[in-house]
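Below is one structure, written out as structure tokens; the observations come after it.
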Amino acid sequence: MSAIKSILIASSGNIVEWFDFFAYAFTAIYFAPAFFPSSNPTTQLLNTAGIFAAGFFMRPLGGWVFGRIADRQGRKTSMVLSVILMCVGSLIIACLPTYESIGLWAAALLLVARLLQGLSVGGEYGTSATYMSEIATEGRRGFYGSFHYATIIAGQLLAVMVIAVLQSVLSLDDLKAWGWRIPFFIGAAGALVALVVRRSMVETREGHDKDPESGTIRGVLAHPRALLIVLGFTAGGSLIFYTFTSYMQKYLVNSAHMDAKVASHVMTGVLFIFMCIQPLFGALSDRIGRRNSMLLYGLFFTFATVPLMTSIGAAKDAGTAFVLALVALVGMSFYTSISGLVKAQMFPAQIRALAVGLPYAIANAMFGGTAEFVALSFKANGTESHFFWYVTLMGAVVLLSALFMPDERKSDYLRSKS
């Protein structure tokens, strides 16, 4: 099976996983009153953001469980199991009764479903990133590896597009009453399709269960420098990613005072371009090196975050907001295009899925999953600009991590195949 075909098969599940996960972020503004009655919209969004963050805190467990399965039983087995779990979580949310029907149990069951989704995505990232890095051909790994995040963005984009369509055909009352459930039914159905497709995947890790170090924490800890670099990249990378993607729609509505439909259309266009340019930046990393790409990424957000966030919040029209958001996502592409690859190349095959997935899940839970909650908390306290400096600080963490990253031309476990 060709590398392109294998990557497309793996990507099918990746798209579905992230569609389901982001569907929550983009429908929260409509279903928040159904689960958290309150006269204050910001308080409702804080509650839904809290549950959104809780899903992230299941990611470390998912990264450990599915990373261990991937390193010991095979990448294919892990990726099939993760998409099944996502299907279950989405179906639960789609069928949930509201606060009016069962009281506080509605919020409790919503939390359970999000925890299942968090467990699934926690395992999906490390395994799919590892698989795509291993299946790619040398010399073009940046290009092929870029499809990993491109499919994450595609899942997010599809979620935005579905919301945009629903906003066009349904009234606001219908969206709040039942329309918000539709994306979760779509996600559950898509997961079943991805399950069938992933069963034909080619395995990239044979003989894995014979190595005593396969899928062990002990094996991961034997690479402390690489582990700390992955934590640094993910802490800054995930916070910046969620700030300028999933949170941006709410920021445009609450801070730039843009109509919700217009904000959705702006983010749909921006995310589409963002997705399309991932292979270009991945190919660029093949020429200039992964370390240089990460240095450029860290530099950009260390110096550009505050001006960009301030300008977007003050944007008077959709066109200005579109351009500014696009500038941010172009800068982000130095990282997203090689996110999985830059981490996978620093670890040997017998621990690669766990070593990529677990530290990613930990840092992502701490910084990416809390991005919306922290941003909304600052806004509720009247200190929204403090959040911009928080994001800037994490951009500097990425820059520092890139300075300590080894040159892949001298140290690359993917090249050695060990």
**OP:** Go through the steps for Met275 and Leu271 under the test side-chain contact (heavy atoms from CB on, under 4.5 Å), then give the verdict.
**Re:** CA-CA 6 Å; Met275 176 186 68; Leu271 287 172; over 6 Å; no
**OP:** Report the C-alpha separation of Thr243 and Phe387 in whole Å, then their side-chain angles, then the decisive distance to 0.1 Å, and conclude whether the side-chain contact (heavy atoms from CB on, under 4.5 Å) test is met.
**Re:** CA-CA 10 Å; Thr243 295; Phe387 178 69; 3.4 Å; yes
**OP:** Give the C-alpha distance, both sets of side-chain angles, the deciding distance and a yes or no for side-chain contact (heavy atoms from CB on, under 4.5 Å) between Val342 and Arg291.
**Re:** CA-CA 8 Å; Val342 76; Arg291 183 173 182 271; over 6 Å; no
**OP:** Decide side-chain contact (heavy atoms from CB on, under 4.5 Å) for Phe347 and Val230; before the verdict, give the C-alpha distance in whole Å, the side-chain angles of both, and the deciding distance to 0.1 Å.
**Re:** CA-CA 11 Å; Phe347 298 100; Val230 170; 3.7 Å; yes
**OP:** Take Thr245 and Gln156, measure what side-chain hydrogen bond (donor to acceptor under 3.5 Å, both in side chains) needs, and give me the verdict at the end.
**Re:** CA-CA 9 Å; Thr245 55; Gln156 188 174 8; 3.2 Å; yes
**OP:** Take Phe244 and Phe301 through the ring-ring contact (aromatic ring centres under 6.0 Å, His included) test and state the conclusion after the steps.
**Re:** CA-CA 11 Å; Phe244 286 99; Phe301 283 99; 5.7 Å; yes
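Both the sub-6.0 Å distance and the 45° axial angle are not jointly satisfied by Arg59 relative to the ring of Tyr125. Cation-pi geometry between Arg140 and Tyr144 is met: the NZ or CZ atom falls under 6.0 Å from the ring centre, inside 45° of the normal.
The structure places CG of Leu324 at 11.0 Å from CE of Met309, a figure rounded to the nearest 0.5 Å. Note: Arg181 CZ to Leu175 CG = 13.0 Å, rounded to the nearest 0.5 Å. The OG atom of Ser255 sits 8.5 Å away from atom CG of Leu376, with the distance rounded to the nearest 0.5 Å. For the atom pair CG (Asp71) and OG1 (Thr216), the distance works out to 8.5 Å, reported to the nearest 0.5 Å. Atom CZ of Phe272 and atom CD1 of Ile153 lie 12.0 Å apart (nearest 0.5 Å). Atoms CG and OG1, on Leu329 and Thr336 in that order, are 8.0 Å from each other to the nearest 0.5 Å.
Scanning both residues, Met405 and Gln345, for their nearest heavy atoms gives CE-NE2, 3.5 Å. Residue Ala129 comes nearest to Val356 through the heavy atom pair CB-CG1, 4.4 Å, listed as atom of the first residue, atom of the second, then distance. Met258 and Ala318 make their closest contact through CE-CA, 4.1 Å (heavy atoms, listed as atom of the first residue, atom of the second, distance). Minimum interatomic distance between Ser78 and Phe66 (heavy atoms only, all atoms of both residues): OG-O, 2.9 Å. Annotation for Ala260 and Val253: closest pair CA-CG2, 3.8 Å, computed over non-hydrogen atoms. Of all heavy-atom pairs between Gly298 and Val398, the closest is CA-CG1, 4.1 Å.
Annotation: side chain of Ile152 is in contact with side chain of Tyr149 (closest heavy-atom distance under 4.5 Å). Using a 4.5 Å cut-off on side-chain heavy atoms (C-beta onward), Phe334 and Met294 make no contact. Residues Arg352 and Ser133 fail the side-chain proximity criterion, which asks for heavy atoms closer than 4.5 Å. For the pair Tyr251/Glu384, a side-chain contact is recorded, criterion being any heavy-atom separation below 4.5 Å from C-beta on. For the pair Tyr297 and Leu399, the minimum side-chain heavy-atom distance is 4.5 Å or more. Residues Ile182 and Phe185 form no side-chain contact, since every pair of their non-hydrogen atoms from C-beta on lies 4.5 Å or further apart. The shortest distance between side-chain heavy atoms of Phe184 and Leu96 does not fall below 4.5 Å. Looking at Phe367 and Tyr242, their side chains never come closer than 4.5 Å, going by heavy atoms from C-beta outward.
Of the possible donor and acceptor atoms, none in the side chain of Asn364 sits under 3.5 Å from a partner among the backbone N and O of Ser238. Put simply, the side chain of Ser120 never gets that close to the backbone of Leu116: no donor and acceptor are under 3.5 Å apart. At distances below 3.5 Å, not a single donor-acceptor pair connects side-chain atoms of Arg75 with backbone N or O atoms of Thr127. In this structure, Arg68 contributes its side chain and Leu354 its backbone to no donor-acceptor pair below 3.5 Å. In terms of modelled atom types and a separation under 3.5 Å, the side chain of Asp317 and the main chain of Gly319 share a donor-acceptor contact. Under a 3.5 Å cut-off, the side chain of Arg114 and the backbone N or O of Ile93 do not form any donor-acceptor pair. Between the Arg198 side chain and the Met79 main chain, a donor and an acceptor come within less than 3.5 Å of each other. A donor-acceptor contact shorter than 3.5 Å links the side chain of Thr302 to the backbone of Ala396. Judged purely by atom type and a 3.5 angstrom limit, Thr383 has no side-chain atom pairing as donor or acceptor with the backbone of Lys379. A distance-only check finds no donor-acceptor pair linking the side chain of Thr151 to the backbone of Ile15 [under 3.5 Å].
With no hydrogens or angles considered, a side-chain donor-acceptor pair links Ser90 and Gln117 at under 3.5 Å. Judged by distance alone, the side chains of Tyr30 and Gln167 do bring a donor and an acceptor atom under 3.5 Å apart. With no hydrogens or angles considered, no side-chain donor-acceptor pair links His148 and Ser339 at under 3.5 Å. At a cut-off of 3.5 Å, with distance as the only test, a side-chain donor of Thr234 or Lys343 sits close to an acceptor on the other residue. A side-chain donor from one of Ser82 and Glu124 sits under 3.5 Å from a side-chain acceptor of the other. With no hydrogens or angles considered, a side-chain donor-acceptor pair links Ser285 and Arg290 at under 3.5 Å. Ser333 and Gln278 form a side-chain donor-acceptor contact under 3.5 Å, judged by distance and modelled atom types alone.
Within a 6.0 Å radius of CE in Met366, other residues, nucleotides and ligands contribute 12 heavy atoms or fewer. Around CZ of Phe322, the count of heavy atoms belonging to other residues, nucleotides or ligands within 6.0 Å exceeds 12.
Under the 6.0 Å cut-off for aromatic ring centres, Phe274 and Phe281 do not qualify, their centroids lying 6.0 Å or more apart. In this structure, Trp180 has its ring center under 6.0 Å from that of Phe31. Between Tyr335 and Phe241, the ring centre distance reaches or exceeds 6.0 Å.
Relative orientation of the Phe143 and Phe147 rings is perpendicular, given thresholds of 30° and 60° on the angle between their planes.
Evaluated for a side-chain contact (heavy atoms from CB on, under 4.5 Å) with Leu252, the options Val262, Asp259, Val266 yield exactly one hit, Val266.
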